[in-house]
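Following: one structure in structure tokens, then a few remarks.
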Amino acid sequence: MFLSSRSWVLLIFINIITITSNFYRIHGELPGKWELLVAHAGIASMHTAVTRYGTVVLLDRTNIGPSRRMLRKGHCRDNPYDRVLKHDCYAHSVLFDPSTNEIRPLMIQTDTWCSSGQFLPDGTLLQTGGDRDGFKKIRKFIPCERNESCDWEELQDSKLISGRWYSTNQILPDGSVIIVGGLHANNIEFYPPREPGILSLQFLTDVQDGQWDNLYPYVHLLPNGNLFIFANNRAIQYNYTNNSVVRDYPSLEGNPRNYPSAGSSVMLALQGNYTSAVIVVCGGAEYGAFKRKRNDTAANGSCGRIVATDPNPVWEMEDMPFGRTMGDMVMLPTGDVLIINGAQSGSQGFDQGTNPCLNPVLYRPSEPVGLRFMTLNPATVPRMYHSTANLLPDGRILVAGSNPHYYYEYGGDFPTELRLEAFSPEYLSDDRANLRPVIEELPEKLRYGQAFEILISVTLPVVGIVEVNIGNAPFATHSYSQGQRLVKLGVTSAVPESGGAVGGRYRIRCTAPPNSKVAPPGYYMFFAVNQGVPSVARWVQLIY
Ligand SMILES: *[C@@H]1O[C@H](CO)[C@@H](O)[C@H](O)[C@H]1NC(C)=O
Ligand SMILES: *[C@@H]1O[C@H](CO)[C@@H](O)[C@H](O)[C@H]1NC(C)=O
Ligand SMILES: *[C@@H]1O[C@H](CO)[C@@H](O)[C@H](O)[C@H]1NC(C)=O
Ligand SMILES: *[C@@H]1O[C@H](CO)[C@@H](O)[C@H](O)[C@H]1NC(C)=O
Ligand SMILES: *[C@@H]1O[C@H](CO)[C@@H](O)[C@H](O)[C@H]1NC(C)=O
Ligand SMILES: *[C@@H]1O[C@H](CO)[C@@H](O)[C@H](O)[C@H]1NC(C)=O
């Protein structure tokens, strides 16, 4: 067989492309870096939350039998309602310290399976509901210094009015928490409770289909004080004060997006005069994949994006580079969104996912449609059902969990995953270290609307604006980070502290969020972001 010279050129060209792309694959040169933090966390984290001390609460469910970590010596849980171990000396929750990679077992009494949570204004983690004896439980974890021994506390004198399984919690402007929906609970209630107890939410019933698809609804507190509630493929704007649907949004085309069809959702960073809020919903399983137990049905890769505060908004559609169900969407300090974890086939549920989606992708909201997605360095560990992703104060993303099985199983295609990893976005790469700001001085507490100054230092000279962005710590579970929020503060240009020197120290004047609808009270990770490179965050408490 003879090839024309043009074909040879083509063939050589194709070879070069293949060699080049193999080089990048072998050398892992897609952006971002993976690192193993802990080989044996002892539990698979179904729910994960970062405390204001930078420690991380990992939480599984209790009716699961032996984990791989014992409670402290002499500590066991005696619970006649436990399905597997009525006398249980294994940990089902642990506290992870990313500064030392140490793990400390925590004692959780009642079942937290498919429960929900949110941080309160004083930094306490409120944790609600679950299965069986946990159905109506309210728990608190008051975080502490790394050298102290805080633990879970289960409230004895108050409980939920409706049992809650697969609900979503969102902190409100007054510092209370709304608890939305759940299996056979198409209603809302509040913590602390409010009259008249529970309020029925017809919307959740309307969108329920033959496999639910209305569980773990996406709830975003809009800066006008109403809630944006998304379930299945529809959304409403809801005034929880008078229990009225203020607006119906157009349906999002395509597959359902909530449990068990898990896509994920974020509200993009609030900024400017804070009048506008943009919601993004991405991915999910095709309808029926769950019901018919088809773990080979390809997941959808479409994202919808809507300006929820516009008078006549429409969904703008865009395809991700991969179909993905059970992905997590993490708000980065820059305002970009990391989409990570999940599967390319199947749905949520035990043994219902295959074909892990190992490549994270970066979503850059300010780019035009078509240029927003960037494919990142793939993981080696599949993270599917019951896995989580959380932003750490140092800018890394903690990735935990994945247990597609009813109990802990360490064999087979997708074993129970006990490893903790961190993904470092490209902004942490060595070649950008010279741009990385360090926060030298800032107030510990901020009042709404307060004008204040911070002092930063950077190696290379700063030109113009260094962003100052505050992000809260959400409660991540089932591919959705409850309460996740990033707010960009109003800032002036960075002014050199001592003129002339290369790099050095800069003062920035900032204005705290105007009110608690824009940013509910509580602890936030406070980042300075220089040319897309975030500082290590300092925790700041936003108070009235
Ligand atoms: C823990 O560390 C903090 C801060 O370093 C210190 O103030 C406190 O006394 C320590 N507590 C204990 C129990 O050692
Ligand atoms: C919600 O309804 C209450 C009572 O009617 C009203 O006072 C409040 O302003 C409404 N909230 C919004 C955000 O419109
Ligand atoms: C609730 O408040 C909104 C204003 O946000 C108002 O438009 C609506 O009519 C009120 N609904 C009820 C049932 O009072
Ligand atoms: C996802 O669903 C949408 C809407 O049905 C469809 O247009 C699109 O082709 C699907 N995209 C992917 C990547 O699966
Ligand atoms: C807020 O900013 C937007 C966009 O910059 C502008 O169109 C709008 O008029 C502003 N609204 C108020 C109330 O200032
Ligand atoms: C996918 O489903 C098939 C058919 O039910 C089953 O045999 C297989 O074990 C499942 N795979 C996984 C990874 O759960």
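Whatever order the structure lists ligands and atoms in, that order sets their numbers, starting from 1. The analysis underlying the following values was restricted to heavy atoms, covering all of them including side chains, and did not include hydrogens, waters or symmetry mates. By convention here, the first residue in the shown sequence is residue 1.
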Atom CD of E35: over 12 foreign heavy atoms under 6.0 Å: yes

Numbered atoms of ligand 5 (with element) below 4.0 Å of T275, judged on heavy atoms: 1 (C)

Report each N/O pair between ligand 1 and the protein that falls under 3.5 Å, naming both atoms.
residue  : atom   : partner : partner atom : Å
ligand 1 : 2 (O)  : N147    : OD1          : 3.4
ligand 1 : 2 (O)  : N147    : ND2          : 2.4
ligand 1 : 11 (N) : N147    : ND2          : 3.1
ligand 1 : 14 (O) : N147    : ND2          : 3.2

N224 N/O to ligand 2 N/O under 3.5 Å: no

Atom CH2 of W152: over 12 foreign heavy atoms under 6.0 Å: yes

Side chain E189, main chain S162, donor-acceptor under 3.5 Å: yes

Chi angles and distances behind the side chain to side chain donor-acceptor pair (under 3.5 Å) call for Q208, N186: CA-CA 9 Å; Q208 190 171 322; N186 292 337; 3.1 Å; yes

Check: S479/D328 side-chain N/O donor and acceptor closer than 3.5 Å: no

Under 4.0 Å to a heavy atom of N273 - the qualifying atoms of ligand 5, by number: 1 (C), 2 (O), 3 (C), 8 (C), 10 (C), 11 (N), 12 (C), 14 (O)

Within-cut-off N or O pair, T241 and ligand 2, under 3.5 Å: no

Short side-chain donor-acceptor distance under 3.5 Å, S176 and R194: yes

Row check, Y523 ring normal vs R52 NZ/CZ: under 6.0 Å, within 45°: yes

Residues that C510 engages under disulfide bond (SG atoms under 2.5 Å apart), provided they are two or more places apart: none

